[in-house]
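One structure below.
Worth saying up front: this structure is predicted, and the values here are computed from it rather than measured.
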Amino acid sequence: MLLTIFSVAGMDTLGGSALLGYGLLASFIVAITVLSQRWLLWYVFGGVLYWLSVEMLHNVLVSNFGLSDWHSYVAAMGISWLPLAGWVLYRALRYDDVSQTVQQERKRASARYVEHTPIYDDHYQPRF
């Protein structure tokens, strides 16, 4: 059965380092699954899905635009970061609006809750 699995993965052409790498990966996944920090496995799956999307973009760029391997990887990484950059820009612009609203609310709240502080007009000059 192991020969069938390794033949699908192309292990017959790879050496002992590939066996070691796949073995370590499988042991880490089993260890994380058994331990109480199973949520860490979602980060692993997220990283795998992200890298698969980068590989798909790389293959599209190589086949359709004729870029070299290095240039297509750099372009694929840049394209994959565009949604993150858009989200950060959206949050930054939205935060400015939220922060102005929060500042206005704080000013209103501080004016509302003045208890034992004397209130003077703008031209008050103390005598002492």
Applying side-chain contact (heavy atoms from CB on, under 4.5 Å), can you list everything that pairs with Leu84, at least two apart in sequence or on another chain? Trp87, Val88
Run the side-chain contact (heavy atoms from CB on, under 4.5 Å) test against Phe65 and tell me which residues pass, sequence neighbours left out. Leu61, Leu67
Side-chain donor/acceptor pairs under 3.5 Å, residues 73-80, sequence neighbours excluded:
from, atom 1, to, atom 2, distance (Å)
Tyr73, OH, Glu55, OE1, 3.3
Tyr73, OH, Glu55, OE2, 2.7
Ser80, OG, Tyr50, OH, 2.8
Ser80, OG, Ala76, O, 3.3
Ser80, OG, Met77, O, 2.7

Output all residues satisfying side-chain contact (heavy atoms from CB on, under 4.5 Å) with Leu82, sequence neighbours left out; order by chain, then residue number. none
Run the side-chain contact (heavy atoms from CB on, under 4.5 Å) test against Asn64 and tell me which residues pass, sequence neighbours left out. Val60
Remaining members of Val34's ILVMFWY cluster at a side-chain heavy-atom cut-off under 4.5 Å? Val30
Linking I/L/V/M/F/W/Y whenever their side-chain heavy atoms sit closer than 4.5 Å, directly or via other members, would Trp42 and Leu40 fall into one cluster? yes
Residues two or more places apart in sequence or in another chain: which of them pass side chain to side chain donor-acceptor pair (under 3.5 Å) with Ser68? His71
One should read off an interatomic distance between Leu24 CG and Leu19 CG, to the nearest 0.5 angstrom, of 11.0 Å
